[in-house]
Amino acid sequence: MSTKSPRFTLVNSADRRTYWVGGQCQALIVGAADTGGRYALSHSTIAVGGGAAEHAHGREAEAFYVLSGRLAFSVAGETKILVPGTFLHLEPGHAYGFVALGPDPAEVLILYAPAGLERLITEAGIADPADAVASRQAASRSIEDAEALKAAARAYGVIYAGSSEP
(Lines give C-alpha, C1' and ligand atoms only; values in the text may rest on other atoms or scores of the structure.)
Protein backbone atom coordinates (compact mmCIF):
# COMPACT_ATOMS: atom_id res chain seq x y z
CA MET A 1 0.00 0.00 0.00
CA SER A 2 1.38 3.39 -0.97
CA THR A 3 1.53 6.13 1.63
CA LYS A 4 2.26 8.80 -0.97
CA SER A 5 -0.20 11.63 -0.51
CA PRO A 6 -1.40 14.05 -3.16
CA ARG A 7 0.24 17.49 -3.29
CA PHE A 8 -2.97 18.93 -1.89
CA THR A 9 -6.46 17.81 -0.99
CA LEU A 10 -9.54 20.01 -1.21
CA VAL A 11 -12.77 18.75 0.34
CA ASN A 12 -15.97 20.72 -0.09
CA SER A 13 -18.54 20.39 2.68
CA ALA A 14 -20.93 18.69 0.24
CA ASP A 15 -18.34 15.94 -0.29
CA ARG A 16 -18.08 14.90 3.36
CA ARG A 17 -19.31 11.45 4.32
CA THR A 18 -21.48 11.66 7.44
CA TYR A 19 -22.26 8.86 9.89
CA TRP A 20 -24.03 8.44 13.21
CA VAL A 21 -21.78 6.75 15.77
CA GLY A 22 -22.97 6.30 19.34
CA GLY A 23 -25.24 9.33 19.11
CA GLN A 24 -22.61 11.55 17.53
CA CYS A 25 -22.94 12.85 13.99
CA GLN A 26 -19.45 12.42 12.50
CA ALA A 27 -18.70 14.11 9.18
CA LEU A 28 -15.46 12.64 7.83
CA ILE A 29 -13.42 15.39 6.24
CA VAL A 30 -10.23 13.49 5.28
CA GLY A 31 -8.82 10.05 5.91
CA ALA A 32 -5.78 7.92 5.13
CA ALA A 33 -6.25 8.06 1.35
CA ASP A 34 -6.23 11.87 1.46
CA THR A 35 -3.25 12.32 3.80
CA GLY A 36 -0.89 9.48 2.97
CA GLY A 37 -2.03 7.78 6.17
CA ARG A 38 -0.69 10.60 8.35
CA TYR A 39 -4.00 11.67 9.92
CA ALA A 40 -7.79 11.70 9.65
CA LEU A 41 -10.05 14.63 10.51
CA SER A 42 -13.75 14.67 11.34
CA HIS A 43 -16.32 17.27 12.35
CA SER A 44 -18.49 15.92 15.15
CA THR A 45 -21.81 17.28 16.37
CA ILE A 46 -22.61 15.95 19.85
CA ALA A 47 -26.09 16.33 21.34
CA VAL A 48 -26.42 17.64 24.88
CA GLY A 49 -25.83 14.67 27.18
CA GLY A 50 -24.10 12.72 24.41
CA GLY A 51 -20.44 11.88 24.26
CA ALA A 52 -18.18 8.87 24.62
CA ALA A 53 -17.82 6.36 27.45
CA GLU A 54 -14.36 6.02 28.98
CA HIS A 55 -11.97 4.37 26.53
CA ALA A 56 -8.36 4.41 25.36
CA HIS A 57 -6.82 4.34 21.89
CA GLY A 58 -3.93 1.94 21.51
CA ARG A 59 -2.67 3.19 18.15
CA GLU A 60 -3.35 6.82 17.47
CA ALA A 61 -3.07 10.15 19.19
CA GLU A 62 -6.33 12.06 19.21
CA ALA A 63 -6.92 15.79 19.34
CA PHE A 64 -10.09 17.79 19.90
CA TYR A 65 -10.74 21.41 18.94
CA VAL A 66 -14.05 22.80 20.20
CA LEU A 67 -15.90 25.00 17.71
CA SER A 68 -19.08 25.51 19.76
CA GLY A 69 -20.78 24.19 22.87
CA ARG A 70 -19.14 22.81 26.00
CA LEU A 71 -17.66 19.40 26.77
CA ALA A 72 -16.68 17.87 30.11
CA PHE A 73 -13.65 15.60 29.58
CA SER A 74 -12.58 13.08 32.19
CA VAL A 75 -8.88 12.42 31.64
CA ALA A 76 -6.05 11.41 33.99
CA GLY A 77 -8.42 11.43 36.95
CA GLU A 78 -9.44 15.04 36.35
CA THR A 79 -12.42 16.73 34.75
CA LYS A 80 -11.61 19.44 32.24
CA ILE A 81 -14.25 21.72 30.72
CA LEU A 82 -13.62 22.48 27.07
CA VAL A 83 -15.24 25.59 25.58
CA PRO A 84 -15.02 27.10 22.08
CA GLY A 85 -11.39 27.63 21.12
CA THR A 86 -10.08 24.94 23.50
CA PHE A 87 -7.69 22.32 22.13
CA LEU A 88 -7.00 18.96 23.82
CA HIS A 89 -4.34 16.49 22.64
CA LEU A 90 -4.22 12.90 23.95
CA GLU A 91 -1.43 10.43 23.33
CA PRO A 92 -2.27 6.74 22.73
CA GLY A 93 -3.05 4.73 25.85
CA HIS A 94 -4.63 7.52 27.92
CA ALA A 95 -8.18 6.64 28.97
CA TYR A 96 -10.76 9.39 28.70
CA GLY A 97 -14.46 9.99 28.26
CA PHE A 98 -16.56 13.07 27.59
CA VAL A 99 -20.07 14.47 27.61
CA ALA A 100 -21.62 17.52 25.93
CA LEU A 101 -22.86 19.85 28.66
CA GLY A 102 -25.17 22.15 26.74
CA PRO A 103 -27.23 24.20 26.64
CA ASP A 104 -26.54 23.62 22.93
CA PRO A 105 -24.94 20.70 21.08
CA ALA A 106 -21.15 20.75 20.84
CA GLU A 107 -19.31 20.92 17.55
CA VAL A 108 -15.78 19.59 17.58
CA LEU A 109 -13.00 18.92 15.09
CA ILE A 110 -11.39 15.57 15.93
CA LEU A 111 -7.96 14.66 14.57
CA TYR A 112 -6.64 11.07 14.61
CA ALA A 113 -2.94 10.47 13.93
CA PRO A 114 -2.04 8.26 12.24
CA ALA A 115 -5.12 7.75 10.12
CA GLY A 116 -7.13 4.54 10.22
CA LEU A 117 -9.77 5.03 12.88
CA GLU A 118 -12.02 6.68 10.29
CA ARG A 119 -12.56 3.14 8.93
CA LEU A 120 -14.30 2.24 12.22
CA ILE A 121 -16.65 5.18 11.69
CA THR A 122 -17.53 4.06 8.16
CA GLU A 123 -17.81 0.36 9.06
CA ALA A 124 -19.69 0.58 12.38
CA GLY A 125 -21.48 3.90 11.91
CA ILE A 126 -24.86 4.45 10.31
CA ALA A 127 -24.77 6.58 7.16
CA ASP A 128 -26.68 9.81 7.76
CA PRO A 129 -29.82 9.89 5.61
CA ALA A 130 -30.73 13.00 3.64
CA ASP A 131 -33.95 13.88 5.47
CA ALA A 132 -34.40 15.08 9.07
CA VAL A 133 -36.83 12.37 10.24
CA ALA A 134 -34.64 9.52 8.99
CA SER A 135 -31.58 11.25 10.45
CA ARG A 136 -33.18 11.33 13.93
CA GLN A 137 -33.99 7.62 13.55
CA ALA A 138 -30.37 6.90 12.58
CA ALA A 139 -29.19 8.86 15.62
CA SER A 140 -31.41 6.75 17.90
CA ARG A 141 -30.25 3.51 16.27
CA SER A 142 -26.61 4.52 16.72
CA ILE A 143 -27.21 4.89 20.46
CA GLU A 144 -29.02 1.55 20.64
CA ASP A 145 -26.12 -0.07 18.74
CA ALA A 146 -23.43 1.38 21.04
CA GLU A 147 -22.44 -2.07 22.36
CA ALA A 148 -21.85 -3.31 18.81
CA LEU A 149 -19.69 -0.23 18.17
CA LYS A 150 -17.64 -0.97 21.30
CA ALA A 151 -17.12 -4.56 20.17
CA ALA A 152 -16.08 -3.46 16.65
CA ALA A 153 -13.70 -0.87 18.13
CA ARG A 154 -11.47 -3.59 19.60
CA ALA A 155 -10.20 -4.44 16.11
CA TYR A 156 -8.96 -0.84 15.85
CA GLY A 157 -7.13 -0.88 19.18
CA VAL A 158 -9.84 1.04 21.06
CA ILE A 159 -10.68 -0.44 24.45
CA TYR A 160 -13.65 0.74 26.50
CA ALA A 161 -13.57 0.69 30.30
CA GLY A 162 -14.82 -2.67 31.56
CA SER A 163 -13.83 -4.44 28.31
CA SER A 164 -11.06 -6.95 28.03
CA GLU A 165 -8.02 -6.40 25.82
CA PRO A 166 -8.40 -7.66 22.22
Student: Is the closest side-chain donor-acceptor distance between Glu118 and Tyr39 under 3.5 Å?
Tutor: no
Student: Ile110 versus Leu41: any side-chain heavy-atom pair under 4.5 Å?
Tutor: no
Student: Between Leu28 and Ser42, which heavy-atom pair has the shortest distance, and what is it?
Tutor: CD2-CB, 4.0 Å
Student: Are any of the side-chain heavy atoms of Phe73 and Thr86 separated by less than 4.5 Å?
Tutor: no
Student: So, the side chain of Asn12 versus the backbone of Asp15: is there a donor-acceptor pair under 3.5 Å, distance only?
Tutor: no
Student: Using a cut-off of 6.0 Å, state whether more than 12 heavy atoms not belonging to Arg119 lie near its atom CZ.
Tutor: no
Student: Using atom types as modelled and distance alone, determine if a side-chain donor or acceptor of Thr9 lies under 3.5 Å from a backbone N or O of Asp34.
Tutor: yes
Student: Checking Leu101 against Leu71 for the side-chain contact (heavy atoms from CB on, under 4.5 Å) test, could you report, in this order, the C-alpha distance in whole Å, the side-chain angles of both residues, the deciding distance, and whether it holds?
Tutor: CA-CA 6 Å; Leu101 297 174; Leu71 295 170; over 6 Å; no
Student: Could you check Tyr156 against Glu123 for side-chain hydrogen bond (donor to acceptor under 3.5 Å, both in side chains), going step by step and ending with a plain yes or no?
Tutor: CA-CA 11 Å; Tyr156 292 89; Glu123 291 173 14; 2.4 Å; yes
Student: Mind checking the CD-NE2 spacing from Glu107 to His43? Nearest 0.5 Å is all I need.
Tutor: 4.0 Å
Student: With a 4.5 Å cut-off on side-chain heavy-atom distances among I, L, V, M, F, W and Y, is there a chain of contacts connecting Val11 to Tyr65?
Tutor: yes
Student: Looking only at heavy atoms, what is the nearest atom pair of Gln26 and Tyr112, with distance?
Tutor: OE1-OH, 4.0 Å
Student: At what distance, to the nearest 0.5 angstrom, does CZ of Arg154 lie from CD1 of Ile159?
Tutor: 7.0 Å
Student: Tell me which pairs pass salt bridge (Lys or Arg N to Asp or Glu O under 4.0 Å) where either residue lies in residues 80-89, with sequence neighbours left out.
Tutor: Glu78-Lys80
Student: Side-chain contact test, heavy atoms from C-beta onward, threshold under 4.5 Å: evaluate it for Asp104 versus Ser68 and give yes or no.
Tutor: no
Student: In terms of the angle between their ring planes, are Tyr96 and Phe64 parallel, tilted or perpendicular, with boundaries placed at 30° and 60°?
Tutor: perpendicular
Student: Strictly by modelled atom types, are Ser135 and Trp20 linked by a side-chain donor-acceptor pair under 3.5 Å?
Tutor: yes
Student: For the residue pair Ala153 and Tyr160, what are the closest heavy atoms and their distance?
Tutor: CB-CE1, 4.0 Å
Student: Show the nearest heavy-atom pair for residues Glu54 and Ala95, with the distance to one decimal.
Tutor: OE2-CB, 3.9 Å
Student: Output, in order, the C-alpha distance, side-chain angles, deciding distance and verdict of side-chain contact (heavy atoms from CB on, under 4.5 Å) for Arg59 and His57.
Tutor: CA-CA 6 Å; Arg59 300 177 186 155; His57 295 257; over 6 Å; no
Student: Identify the two heavy atoms, one from Ala27 and one from Thr18, that lie closest to each other, and give their separation to 0.1 Å.
Tutor: CB-OG1, 3.7 Å
Student: Check for me, please, whether Val99 and Ile81 land in the same ILVMFWY cluster - side-chain distances under 4.5 Å, paths through other members count.
Tutor: yes
Student: Tell me whether Val108 shares a hydrophobic cluster with Leu117, the cluster being built from Ile, Leu, Val, Met, Phe, Trp, Tyr side chains joined at under 4.5 Å.
Tutor: yes
Student: Do Val75 and Phe87 land in one hydrophobic cluster if side-chain heavy atoms of ILVMFWY residues count as linked below 4.5 Å?
Tutor: no
Student: Do Leu111 and Glu62 touch side chain to side chain, with heavy atoms closer than 4.5 Å?
Tutor: no
Student: Treating Gln24 as the side-chain partner and Gly51 as the backbone partner, does any N or O pair qualify as donor plus acceptor under 3.5 Å?
Tutor: yes
Student: Using 0.5 Å steps for rounding, measure from the CD1 atom of Ile126 to the OH atom of Tyr19.
Tutor: 12.0 Å
Student: Can you name the nearest heavy-atom pair linking Leu67 to Pro84, along with the distance?
Tutor: O-CB, 3.6 Å
Student: For a 4.5 angstrom cut-off between non-hydrogen side-chain atoms, does Leu82 reach Leu88?
Tutor: yes
Student: Backbone N or O of Pro92 within a donor-acceptor pair of the His94 side chain at under 3.5 Å?
Tutor: no
Student: Spell out, as yes or no, whether a donor-acceptor pair under 3.5 Å connects the side chain of Arg70 to the backbone of Gly102.
Tutor: yes
